[in-house]
Every structure is written in C-alpha cells, then in structure tokens.
Amino acid sequence: RSKSEDGRSDAMMMLTIDRKHKKIKMISFLRDMYIKMPGKHYGTKLNTTYSVGGVELLKQALQVNLGITVDKYIIIDFNAFKTVVNKIGKLNGKGGIKITVTAAEARYMCSHEKYGLFPRFSKGKGTYYMNGAEALNYARIRKIDSDFGRTKRQRKVLTEIMTELKDVSKVDLLSIAYSCLEYVTTDFSKGELVGLVTEAAEIANYETKQISIPIKGSYSVQKMSNGN
C-alpha cells in the first residue's frame, strides 16, 4: 500500500518454488477470511493482523490458523508494483502487460474513480496492454463480484508479469529489481534477492498451480456484528 492509506494488507499471496520438479504454487489468502487472532480470545479478518502487528503477526496467524509456515517475506507497495509493470512495458515496447478483461471489468476500469479512471476501456471487453496504474486498478477490482474474483485477478496479473519475465535478460531483471528496492521491505538478504532475480527468467517457465484459500466447500459466509 501507499503510505497515505491504512495498514491493512491489500493482497496476501504465497509462492512456493519447487526447483527439483520445476513447479510453482501461487496461493492467495482472502482478506476477509475470519481467523483467530494469535494470543487473543477473539477473531478478526486476516488482513487486520497486518495492520495490528505487521508481518510477524500475519505470519503467526497463518501458522496458528492454517498450519502454514512462511520462510521469507517480501512486502511490495503500490509504487513497486507499478514500477515493475511500467519497466516491462518499456522492454517489450507495448507499454505494459497483456490482460484480457470481461465486459464488467472494462466498465469498472472506465467508470469508478476510487483508484483512477481509464477511459480507453470504454471500448469494452477484450485484450489490453495495461501500464502500471491500469494493472494496479485491475488487480484491486472487487465490487463487480467478490474477493475470490479479486484474488483471481491478482494471480492473473502476477502470471502475466512472470510470462513477460521469461524473455528478459539478467541485466534488465536486475535493473527492474534495483528500481523497486526503495518500495520493498523484506527479510531476504541482498545476496538472496540477487540470486532470485537472476534466476527469475528460468523460474517463470516452471509449471504453475494456482490456489485460493479458503478453498471451495471449506467455509461459510457470515456477517459479523461489527458489519464486516
């Protein structure tokens, strides 16, 4: 998020990289998933844990409620996201990443002012090369369906970024990474980050499986007393 907005995490995703079998798992955690607050006797939304206790409390929440241990983390704000997409757009000469939108998504892109208006989407459904601001707006759409639709769009954007990275040189990959460092918080060392970046093109070719948690059939929809 930008510093002007509250501290609730806008998107929570986990990537597991299996180098032996050349596979990636891309897992989205829904923001409104109701969980037990670690160390407390009450529950809350998953993304509230980040605003209350930062990444460490979020990691504890995933461990306590889902049995998931997070090895390393990267916190990326909106500026970093837009920078990556815009840099890719300059490299591919098409201004951004390729995203196919539905009619409802196109209407939202050109009619809702919360995150910016993009009039060219008035042309309707179809395939567009989105710049950083457009891709960010697309990834944050929620009103037209649900948080499941929202996380699906986020994974779609990340998948397209990875697709574009397949053909990017190591020099350009490092350039993209260094241009984003001021917008990134992580417990990776500089050496670990450089290692990840230099093998990004290879990893981008791995088979990818996408998962959303909670999974279908494992949850119920309830309205909480505070209106959430």
May I ask you to decide if [Y]'s main-chain N or O and [X]'s side chain share a donor-acceptor pair within less than 3.5 Å?
X      : Y      : value
Asn65  : Ala61  : yes
Ser218 : Pro214 : no
Lys59  : Gln63  : no
Asp187 : Tyr73  : yes
Glu134 : Asn131 : yes
Asp147 : Arg31  : yes

Whether [Y] and [X] form a salt bridge (side-chain N of Lys/Arg under 4.0 Å from carboxylate O of Asp/Glu) is what I want to check.
X      : Y      : value
Asp10  : Arg150 : yes
Glu105 : Lys125 : no
Arg19  : Glu199 : yes
Glu192 : Lys72  : yes
Arg153 : Asp145 : yes

Parallel, tilted or perpendicular: ring planes of His112 versus Tyr108, cut at 30 and 60 degrees:
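Parallel.
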Start with the C-alpha gap between Tyr138 and Lys156, add the side-chain angles, then the distance that decides, and say whether side-chain contact (heavy atoms from CB on, under 4.5 Å) holds.
CA-CA 10 Å; Tyr138 176 79; Lys156 183 177 178 179; 3.3 Å; yes
Using the side-chain hydrogen bond (donor to acceptor under 3.5 Å, both in side chains) rule, take Thr83 and Asn86 through it: C-alpha gap first, then chi angles, then the decisive distance, then the call.
CA-CA 5 Å; Thr83 297; Asn86 288 335; over 6 Å; no
Check whether more than 12 heavy atoms from other residues, nucleotides or ligands sit under 6.0 Å from atom NZ of Lys36, and answer yes or no.
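Atom NZ in Lys36 is crowded, with more than 12 foreign heavy atoms closer than 6.0 Å.
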Arg155 vs Met13 side-chain heavy atoms within contact, under 4.5 Å:
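Heavy-atom side-chain distance check passes, below 4.5 Å.
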Under the side-chain contact (heavy atoms from CB on, under 4.5 Å) criterion, do Val70 and Leu58 qualify, and how do the steps go?
CA-CA 10 Å; Val70 177; Leu58 175 57; over 6 Å; no
